[in-house]
Asker: 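Sharing a structure here in structure tokens format.
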Protein chains: 2
Amino acid sequence: MRQETIENYLKNIYHLSIGNKAIVGNFQLAEKLNIRPASVTEGLRKLHDLKYVIYEKSYGTRLTPIGAKLALTIVRRHRIWETYLAKELGFGWDEVHEIAEELEHIQNDKLINKLSELLGNPVYDPHGDPIPDEKGKIKKENFINLSSAKPKNSYKIRGVSDHSTVFLKYLEKHRLIIGAHLKIDSIEEFDQSLIITCNKKEVIISPKVADNIIVELL
Amino acid sequence: MRQETIENYLKNIYHLSIGNKAIVGNFQLAEKLNIRPASVTEGLRKLHDLKYVIYEKSYGTRLTPIGAKLALTIVRRHRIWETYLAKELGFGWDEVHEIAEELEHIQNDKLINKLSELLGNPVYDPHGDPIPDEKGKIKKENFINLSSAKPKNSYKIRGVSDHSTVFLKYLEKHRLIIGAHLKIDSIEEFDQSLIITCNKKEVIISPKVADNIIVELL
DNA sequence: ATTATTAATTAGGCATACCAAATTTAATAA
DNA sequence: TTATTAAATTTGGTATGCCTAATTAATAAT
């Protein structure tokens with residue numbers, strides 16, 4: 001199996017098992033990998049043989065310790081590159097994801113460690129995601145999705161789940177950036193829209209948008 | 001055809017047509033690409049269809065303007081990355097080639113231009129090779145191989161043809177680095193070894209080594 | 001000019017990573 | 001419990017990029 005293929009599978013299994021539940025289904029994984037479920041079945045069987053995952057057919061998949069370690073290596077590479085591109089080269093937070101998607105497959109740990117050092121060993125990337133350290137240790141915070149926040153409470157934006165350019169450009173337009181404070185005024189009963197105050201301005205946010213903003217209760 | 005495959009073919013055709021002659025043979029190209037001649041025949045037919053090369057069977061191959069442009073893009077990427085790794089991240093000149101071999105396939109011109117700018121738009125990489133500019137324009141110098149240098153003349157080292165770690169470590173050990181001045185004392189008749197003086201020390205150099213050192217007559 | 005020799009091509013094959021269509025398995029609702 | 005629906009798997013197939021072995025073409029040597 002090509003190294004890049006392995007890495008893309010493991011990375012996405014990792015993200016799915018963090019974001020949703022421990023056991024990952026083929027259908028979701030197929031969507032993330034942009035391939036058909038039939039191909040995923042095949043790929044997972046190989047990754048199982050390679051001891052990267054435990055794949056029980058028609059049930060689900062989870063990472064082995066070996067697989068998790070490699071997954072975290074890729075996540076680290078990705079987030080270090082994103083941080084580097086934004087901080088050192090002046091790319092926008094909406095541009096870095098795509099480039100890092102390629103750079104994360106460069107096989108050289110010394111390179112990543114040098115970049116990390118140059119950046120002062122950052123713990124968060126430009127999207128607010130925690131960067132695993134060299135050993136794969138990653139900060140675990142109990143931030144929540146804005147979509148599950150309660151009215152009248154105040155929150156601080158800590159990150160985003162969607163990294164696409166369109167989404168990030170949208171957030172920027174409304175000044176909904178990492179670190180910003182916001183208060184939930186009310187929740188629209190009809191469609192679950194949030195009416196929030198941020199930067200002294202009222203903004204209405206769709207449930208889909210709220211679902212991709214990560215906040216911390218203040 | 002995968003982009004990386006295309007790029008590796010074109011890059012190597014470019015290097016062979018500069019170093020040797022305009023028309024490149026399959027056998028040499030196979031060696032450079034580390035694949036068998038039979039596979040090269042197949043690859044070249046495809047590159048011909050894609051208009052990157054003009055391939056005349058059993059005769060040879062040359063780049064089209066389109067192909068040359070892409071080849072120079074790859075060469076630029078490679079050399080910018082090498083310079084970046086050496087100058088900004090402190091990698092040794094013997095380490096950078098391998099890493100750049102991967103990095104050169106990252107598809108983002110803005111990235112390369114930002115790196116170039118950060119470095120002050122360098123014209124030479126750590127091995128003394130000229131870096132093409134954004135338009136593909138590359139400095140053409142008439143340096144010569146040390147192996148074709150004449151006794152009693154003095155030269156300045158301007159570059160190397162082989163970029164392998166072993167070779168570069170060897171040169172470093174003898175202080176035969178870019179910029180160093182040397183004088184050819186004599187040429188051994190028996191095996192064409194060169195007896196040279198560099199940094200006030202006499203060094204004996206094999207023809208193979210001399211063939212991979214590029215010098216300028218002083 | 002004929003013969004070696006070396007290079008290039010053809011023919012037939014293999015592994016990877018994907019696919020669509022048909023089928024099976026599991027989960028959910030009636 | 002059975003019917004319905006959704007997810008996962010199997011089967012058979014494709015394109016890519018390589019390979020070896022056999023053959024043909026070009027080059028060099030006698």
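Chain identifiers are assigned alphabetically (A, B, ...) following the order of the sequence lines, protein sequences preceding nucleic acid strands; residue numbering begins at 1 within each chain. Being a predicted model, the structure only gives us computed values, none of them experimental.
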Asker: Can you tell which of D/dT16, D/dC18, D/dA21 lies closest to the side chain of B/Ala38?
Answerer: D/dA21
Asker: Give the nucleotide from the list D/dT9, D/dC19, C/dC18 with an atom nearest to the side chain of A/Pro37.
Answerer: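 So the nucleotide nearest the side chain must be D/dT9.
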Asker: Can you tell me if the side-chain N/O atoms of B/Lys46 get under 4.0 Å from OP1 or OP2 in D/dA15?
Answerer: no
Asker: Compare side-chain N and O positions of A/Tyr59 against OP1 and OP2 of D/dT9 and report whether any pair is under 4.0 Å apart.
Answerer: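 No, outside the criterion.
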Asker: Considering heavy-atom distances to DNA chain C, does B/Phe27 or A/Gln3 have its closest nucleotide positioned more toward the 5' end?
Answerer: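 Closest to the 5' end, via its nearest nucleotide, is B/Phe27.
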Asker: Which nucleotide in the list C/dT9, D/dT10, C/dA20 gets nearest to the side chain of A/Arg45?
Answerer: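 From the listed options, D/dT10 comes nearest.
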Asker: Looking only at side-chain atoms of A/Tyr55, point me to the closest of D/dT9, C/dA17, C/dT10.
Answerer: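 Ranking D/dT9, C/dA17, C/dT10 by closest atom to the A/Tyr55 side chain puts D/dT9 first.
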Asker: Would you please confirm or rule out a distance under 4.0 Å between OP1 or OP2 of D/dT20 and any side-chain N or O of B/Arg36?
Answerer: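 Result: yes.
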Asker: Check this one for me: any side-chain N or O of B/Thr5 less than 4.0 Å away from OP1 or OP2 of D/dG17?
Answerer: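 The answer is yes; a side-chain N or O of B/Thr5 sits under 4.0 Å from OP1 or OP2.
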Asker: Have a look at B/Gly25 and say if it touches a base, only the backbone sugar-phosphate, or nothing, with a 4.0 Å heavy-atom cut-off.
Answerer: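 Here B/Gly25 touches the backbone only, sparing every base.
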Asker: Using a 3.5 Å distance criterion without hydrogens, assess whether the side chain of B/Thr64 forms a donor-acceptor pair with backbone atoms of B/Lys51.
Answerer: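 Yes, B/Thr64 side chain to B/Lys51 backbone: donor-acceptor pair under 3.5 Å.
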Asker: State which residue, out of B/Arg77, B/His78, B/Arg76, fulfils the side-chain hydrogen bond (donor to acceptor under 3.5 Å, both in side chains) condition with B/Glu104.
Answerer: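 Testing B/Glu104 for a side-chain hydrogen bond (donor to acceptor under 3.5 Å, both in side chains) against B/Arg77, B/His78, B/Arg76 leaves exactly one candidate, B/His78.
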Asker: Answer with base, sugar-phosphate or nothing: what part of the nucleic acid does A/Ser58 contact at a heavy-atom distance below 4.0 Å?
Answerer: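 A/Ser58: backbone/sugar contact only, no base atoms under 4.0 Å.
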Asker: Between C/dT9 and B/Thr41, is there an OP1 or OP2 to side-chain N/O distance shorter than 4.0 Å?
Answerer: yes
Asker: Is it true that A/Lys11 and A/Glu101 make a salt bridge, defined as a side-chain N closer than 4.0 Å to a carboxylate O?
Answerer: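 Looking at A/Lys11 and A/Glu101, the cut-off is met.
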